[in-house]
Amino acid sequence: MQIATWNVNSLSVRLPQVLDWLAANPVDALGLQELKLVEDKFPFMALQAAGYHAVAHGQKTYNGVAWLTRQPVRDVVRNIPGFADEQARTIAATLDTPQGPLRLINGYFVNGQAPGSDKFAYKLRWLDALRAWVKAELVSHPRLVVLGDFNIAPEDRDSYDPEGLRGSIHHTEEERAQFQALLGLGLHDAFRLFEQPDKCFSWWDYRMLGFQKNRGLRIDHILVSDALRPAATACTIDRAPRKNPQPSDHAPVVVTLAD
DNA sequence: ATGGTAGACCTTCTA
């Protein structure tokens, strides 16, 4: 089976591209981020016609996350339990598979703007809350996937300019320590379980010909739990949609799990 | 030098 993540930067604008991508890549589950729409405006019908069930946690203008799945999910949880958050950033759901239940957590992690800012402090508090939640979820759901737009480049090789951007947003020691702490719970960066080419990124700035120059960051991730690690057989970034007219600034990331 | 682009929206915020 295949599970994917994609920050679409407005689902209203990107819906045709999402439908095209799903037609070519009929994954079992796709976590979307930055819907930028409320649930009342979520395109349930168009996705249903394409063969996908959907559960969404929407918000006007900003944020918003959703799961699109071939089979219906259960036990949907919106936001991080116990963490008061006005921003719609996570949605969790359980997918029943022949191998057992699979818990899926989809997050649009806080951007954080700049180290030292209020938004950066919010990012670190949010990451603390997320990690406590994931730790608890792992107890009841050993088969766990945490994916989304993490807004963290975990290592120097995940940035087009690790020296020039050292200490700047997405690159700080605090953010990288948070990423490692998540892995420390018993999770694995699926992309790094496999041999990959150099300079693989999942996001490129719209400005300054970022994509054409491959000036990007790898900030979209799929983490799989210890129990799932043996099943993972591939993880790839699909750059193709970034070449579309009116693209999202992020590319989809896909993990393949053996049956 | 602090640029530039995209999306949603009320003229600026977020990324």
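Note that this is a predicted model, so its numbers are computed, not measured. Quick note on labels: first sequence line is chain A, next is B, and so on, each numbered from 1.
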Point to revise | Sorted by number, the residues of residues 210-217 of chain A with heavy-atom contact under 4.0 Å to DNA chain B | key: none
Practice item. Verify salt bridge (charged side-chain N to carboxylate O under 4.0 Å, His left out) between A:Asp156 and A:Arg176, making sure each step is shown before the conclusion. Key: CA-CA 10 Å; A:Asp156 281 357; A:Arg176 288 179 169 177; 2.9 Å; yes
Point to revise | Evaluation steps, side chain to side chain contact (heavy atoms under 4.5 Å, CB included), between A:Ile222 and A:Ile3 | key: CA-CA 9 Å; A:Ile222 301 178; A:Ile3 300 168; 5.6 Å; no
Check your understanding: Any idea how A:Tyr122 and A:Phe83 line up, ring-wise: parallel (<30°), tilted (30 to 60°), or perpendicular (>60°)?
Key -> parallel
**Study point:** C1' spacing across the pair B:dG4 / B:dT14, given as an integer number of angstrom
**Key:** 16 Å
Review point. If you measure only the distance, is there a donor-acceptor pair under 3.5 Å linking the side chains of A:Arg143 and A:Thr97?
Key: yes
Check your understanding: Between A:Gln87 and A:Asp205, who's closer to the 5' end of DNA chain B by nearest nucleotide?
Key -> A:Asp205
Check your understanding: Will you find, in the side chains of A:Asn79 and A:Gln87, an N or O donor that is under 3.5 Å from an N or O acceptor?
Key -> no
Check your understanding: If you measure from the P atom in B:dG3 to the same atom in B:dT12, how many Å do you get, rounded?
Key -> 16 Å
Review point. Which of these, A:Asn151, A:Asp149, A:Asp220, sits in a side chain to side chain donor-acceptor pair (under 3.5 Å) with A:Asn7?
Key: A:Asp149
Practice item. Tell me yes or no: between the side chains of A:Gln17 and A:Asn244, is some donor less than 3.5 Å from an acceptor? Key: yes
Review point. Can you tell me how far C1' in B:dC9 sits from the matching atom in B:dA15, rounded to whole Å?
Key: 15 Å
Check your understanding: From the 5' end of DNA chain B to its 3' end, which nucleotides mark the outer limits of contact with chain A, defined by a 4.0 Å heavy-atom distance cut-off (strictly under)?
Key -> B:dG4 to B:dA15
Review point. If each of A:Tyr206 and A:Glu34 is mapped to the nucleotide of DNA chain B with the nearest heavy atom, which maps nearer the 5' terminus, i.e. the 5' end?
Key: A:Tyr206
Practice item. Have a look at A:Gln113 and say if it touches a base, only the backbone sugar-phosphate, or nothing, with a 4.0 Å heavy-atom cut-off. Key: nothing
